[in-house]
Amino acid sequence: MNEIRVRFAPSPTGYLHVGGLRTALYNYLFAKKNGGKFILRIEDTDRTRYVEGAAEQLLDTLKWTGLEYDEGPDKAGDFGPYTQSERLDIYKKYALELIEKGKAYYAFDTPERLQELRDYQYANKLQPKYDKLALNLTKEEVNEKLKAGEPYVIRLNVPENERIIAKDLVRGLVEFNTDIIDDQVLMKSDGFPTYHLANVVDDHLMGISHVIRGEEWLSSLPKHILLYQYFGWEIPEFAHLPLLLNPDKSKLSKRQGDVAVEDYKNKGYLKEALVNFVALLGWSTSDNREMFSLEELVEEFSIDRVHKSGAVFNIEKLNWLNAEHLRKKSNEELTNMLRSEYDKSRFAEIEVSDKYLSQVVEAMRERVSFVNEYIEKSPYFFERPTEYDQAVLQKRWKEDSSAFLKAYADKISEIENPTKEDYDHILHQLAEEWQVGIGKVIHPLRLALSGVGIGPGMFDLAFILGKNEVIARINLAIEKIKI
RNA sequence: GGCCCCAUGGUGUAAUAGGUUAACACAUCACCCUUUCAAGGUGGAGAGUACGGGUUCGAUCCCCGUUGGGGUCACCA
């Protein structure tokens, strides 16, 4: 029995794409479910796209998601290094081996000639492919050019008209003809390998048993198969995951919304929600269950329940999942989260106790989807109303509201430490005395205390604010609201 | 355009040995609960499974074609 080893192999271009997160997640789930290893490999073979610090950020973000890898750039294993730019000699060696075998060859074409060739082919509606011109060079000519230091690339020597049948765990058998495959560059003139070479060499050397990656790679699968065959290596299992889509069904892109995991993190999304959500984009259980923790996903995951078609990234469902996961958290956890949010807010200067924050958490629990909403939706827990909602004021504030609230404040002031029940009972008593319905007085009270017409339970609000604050806010409202 | 992949309500999915009034969730609407807003509950609207053939007693499900969508065609991954 071969060990199950899978890898997530992102290119460090500056951030972790949510599609990348989904790919990483499925790899992780597959590995954990089957007692295998999950490896992280950095594919930084494109020097033109080098971004300072990008790899580090990628690692940080991946760690935030909780998808812990068994081997990676900063986690030693037996197959390192795990960063491709540190493996250049290896690729060189294998490229030369291919040349030895006649399966690859040196090419010295200038970019200009290549461009002309492409232009010509395009104008004549031909398949854009390298014309194998360099294959006409004799061994001596090649050696001379190499000796002269002419820039070169190494190309894959693709045979004519051969069928390549590949097995994909998601799609079944997929067939290609080599005629449509270009003599792909394997080694670039800067001495770096292209994805195709590096990927195959590393997957083999690192003992990767299953290649789980995005569907955008499906069309280059035959090139990879060819490489495995030429090297005489065992071909791993492949699974090409359906793409994540924009609302217009095109491949998920920056232009139509946030695609970076960092964006969601910064907006206050829970990693639990993001992971749960992204898991459901292309996979499901037979009972259509929606809520999963990472551990539960590991338990339930199965690669043969991965779908074939792309899935639209529907942010509203993500929001719902975020609210669900948020509500499941303990008061203590939420209080801690609110604390750090509070310390970043405009109220940071004003001291509040954890006890106070925990009361806010309980009062607002069912009313928020994001942690920062504890502050944004109910700032009145932290500051006195600066204005009063006009619509509510017109609808709820009557001529006798001021007088009633004054009486209420007086009663409250007589109680030493009013409980939530006290606020409740006194209001009811007073309403009875004045012979008005409770609804008629409770709304002005809410308006006085919060400035708005919506919010948590009225008496929770009063109790959390405390006696002095309640009285002060009532007086403030009486003074400010004139009708 | 060539090649490859895909196709169930607006969105994500279920219906996997072909037989269901095509199910669930999000979103949406209404009602209930209620001091407000949420949450929760109940119900509604929304697909006859892209279309057309075929196989079959019977197709969402199997086969073929069409249409539509997507991916990919670099010294980027």
Side-chain angles (χ1 to χ4, degrees), chain A residues 9-13 43-49 84 107 109 111 114-115 118 122 125-130 151-155 168 170-171 174-177 179-182 184-196 198-199 213-222 240 242-243 245 247-251 277 280-291 304-305 307-321 323 327 364-369 377-378 392 396 424 427 437-443 445-447 450 452-459 461:
Chain A
S11 176
T13 51
E43 309 227 327
D44 58 345
T45 55
D46 184 359
R47 288 188 308 171
T48 64
R49 291 213 287 179
Q84 291 188 326
D109 310 86
L114 259 18
Q115 190 55 50
R118 262 194 295 271
Y122 184 77
K125 297 189 174 173
L126 297 167
Q127 225 13 247
K129 277 171 67 174
Y130 180 61
Y152 68 90
V153 298
I154 296 176
R155 284 181 181 273
D168 182 273
V170 174
R171 285 147 225 286
V174 186
E175 191 175 324
F176 304 88
N177 187 298
D179 282 351
I180 55 115
I181 307 172
D182 198 4
Q184 185 68 51
V185 169
L186 300 176
M187 289 294 286
K188 298 180 257 188
S189 55
D190 63 3
F192 277 64
T194 57
Y195 169 85
H196 306 284
N199 168 261
R213 77 229 297 195
E215 193 192 322
E216 67 267 32
W217 294 111
L218 192 56
S219 39
S220 38
L221 179 57
H240 288 89
L243 260 16
L245 273 24
D248 71 355
K249 305 269 187 186
S250 58
K251 185 169 153 183
F277 174 64
L280 262 17
L281 259 23
W283 170 85
S284 65
T285 54
S286 61
D287 60 359
N288 247 334
R289 183 177 159 197
E290 311 262 18
M291 285 286 291
D304 43 52
R305 285 199 64 90
H307 311 143
K308 296 181 171 85
S309 52
V312 173
F313 191 94
N314 179 204
I315 195 117
E316 303 203 302
K317 189 137 189 177
L318 206 208
N319 291 343
W320 171 75
L321 270 173
R327 287 191 202 108
M364 293 298 289
R365 203 182 187 91
E366 303 298 328
R367 285 162 250 263
V368 299
S369 297
K377 283 184 128 173
S378 49
V392 179
R396 308 287 197 184
D424 193 336
L427 192 75
I438 189 78
K440 205 182 161 204
V441 291
I442 203 166
H443 296 291
L445 178 56
R446 175 183 295 285
L447 190 66
S450 72
V452 293
I454 59 172
M458 186 50 244
F459 306 109
L461 173 61

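Quantities reported herein were computed from a predicted structural model and do not represent experimental measurements. A note on names: the letters A, B, ... follow the listed sequences, proteins ahead of strands, and every chain is numbered from 1.
Counting non-hydrogen atoms under 4.0 angstrom, A/Thr194 reaches the backbone sugars and phosphates but no base. No engagement by A/Arg289 is indicated, since no non-hydrogen atom pair under 4.0 Å with the nucleic acid exists. A/Gly457 comes within contact range of at least one nucleobase, with a heavy-atom separation under 4.0 Å. Within 4.0 Å of A/His240, counting heavy atoms only, lies no atom of the nucleic acid at all. A/Val174 comes within 4.0 angstrom of sugar-phosphate atoms only, judged by non-hydrogen atoms across all strands, and of no base. Across all strands shown, A/Lys125 has no heavy atoms under 4.0 Å from either base or sugar-phosphate atoms. A/Gly439 comes within 4.0 angstrom of nothing in the nucleic acid, heavy atoms only. Within 4.0 Å of A/Ser220, counting heavy atoms only, lies no atom of the nucleic acid at all. Note on A/Pro222: nothing from the nucleic acid sits closer than 4.0 angstrom, heavy atoms only. As judged by a 4.0 angstrom heavy-atom cut-off over every strand, A/Glu43 is placed among residues touching the sugar-phosphate backbone only. Backbone-only engagement by A/Pro193 is indicated by non-hydrogen atom pairs under 4.0 Å involving sugar-phosphate atoms exclusively. If you check every strand for non-hydrogen atoms under 4.0 Å, A/Leu218 touches sugar and phosphate atoms only.
Closest to the side chain of A/Glu366, out of B/A77, B/U35, B/A38, is B/A38. For A/Ser284, the side-chain atoms get nearest to B/U13 when compared with the rest of B/U13, B/C75, B/A15. When each of B/U36, B/G70, B/C5 is scored by its nearest atom to the side-chain atoms of A/Arg367, the top-ranked nucleotide is B/U36. With B/C5, B/A77, B/U36 as the choices, the nucleotide that has an atom nearest any side-chain atom of A/Glu215 turns out to be B/C5. You'll find that the side chain of A/Lys308 is closest to B/C6, out of B/C6, B/G71, B/A38. Residue A/Val312 has its side chain nearest to B/U11 when only B/A14, B/U11, B/C37 are considered. When each of B/G2, B/U36, B/C75 is scored by its nearest atom to the side-chain atoms of A/Arg396, the top-ranked nucleotide is B/U36.
Atom name C1', nucleotides B/U11 and B/C31: the rounded distance is 25 Å, in whole Å. Taking atom P on both B/U66 and B/A14, the two are 28 Å apart, rounded to the nearest angstrom. One P atom belongs to B/G70, the other to B/C75, and the distance between them is 26 Å to the nearest Å. For the P atoms, the distance linking B/A39 with B/G58 amounts to 49 Å, nearest Å.
In this structure, the CE atom of A/Met458 is 13 Å from the P atom of B/U35, given to the nearest Å. The distance between atom CZ of A/Arg213 and atom P of B/G71, rounded to the nearest whole Å, is 18 Å. Between the C1' atom of B/A74 and the OH atom of A/Tyr130 lies a distance of 15 Å, rounded to the nearest Å.
The distance from atom CD1 of A/Ile315 to atom CG of A/Leu321, rounded to the nearest 0.5 Å, is 11.5 Å. For the atom pair A/Met291 CE and A/Trp320 CH2, the distance stands at 6.5 Å (nearest 0.5 Å). The line from CG of A/Asp182 to OG of A/Ser220 is 12.0 Å long, rounded to the nearest 0.5 Å.
Annotation: side chain of A/Arg155 is in contact with side chain of A/Tyr130 (closest heavy-atom distance under 4.5 Å). At a threshold of 4.5 Å between non-hydrogen side-chain atoms, the residues A/Thr45 and A/Thr194 do not count as touching.
Regarding the sugar-base torsion, B/G46 falls in the anti class, its angle being beyond 90° of 0.
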Give me the distances for all protein-to-nucleotides 16-23 of chain B N/O pairs that come in under 3.5 Å?
from, atom 1, to, atom 2, distance (Å)
B/U16, O4, A/Arg305, NH1, 2.7

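The base of B/C4 is not paired with the side chain of A/Ser219 by any donor and acceptor separated by under 3.5 Å. With hydrogens and angles ignored, no donor-acceptor pair closer than 3.5 Å exists between the side chain of A/Arg171 and the base of B/C5. Between the side chain of A/Lys317 and the base of B/A25, at least one donor-acceptor pair of N or O atoms lies under 3.5 Å.
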Walk me through whether A/Arg213 and A/His240 qualify under side chain to side chain donor-acceptor pair (under 3.5 Å). CA-CA 5 Å; A/Arg213 77 229 297 195; A/His240 288 89; 3.1 Å; yes
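At distances below 3.5 Å, not a single donor-acceptor pair connects side-chain atoms of A/Arg446 with backbone N or O atoms of A/Val452. The backbone N or O of A/Gly310 lies less than 3.5 Å from no partner atom in the side chain of A/Lys249, so there is not a single donor-acceptor pair.
Nearer to the 5' terminus of RNA chain B, by closest-nucleotide assignment, is the contact made by A/Ala311 (compared with the other of A/Glu216 and A/Ala311). In this structure, A/Val170 and A/Ile442 both approach RNA chain B, and ranking their closest nucleotides by distance from the 5' end singles out A/Val170.
Between A/Lys308 and A/Glu215 there is no salt bridge, since none of the side-chain N atoms of the basic residue sits less than 4.0 Å from a carboxylate O of the acidic one.
Across A/His307 and A/Ser284, no two heavy atoms sit closer than the pair NE2-OG, 3.4 Å. A/Trp283 approaches A/Thr285 most closely through the heavy-atom pair CH2-CG2, 3.5 Å.
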RNA chain B in dot-bracket form (Watson-Crick or G-U pairs under 3.5 Å, [ ] crossing, | inter-strand) is (((((((..((((.....[...)))).(((((.......))))).....(((((..]....))))))))))))....
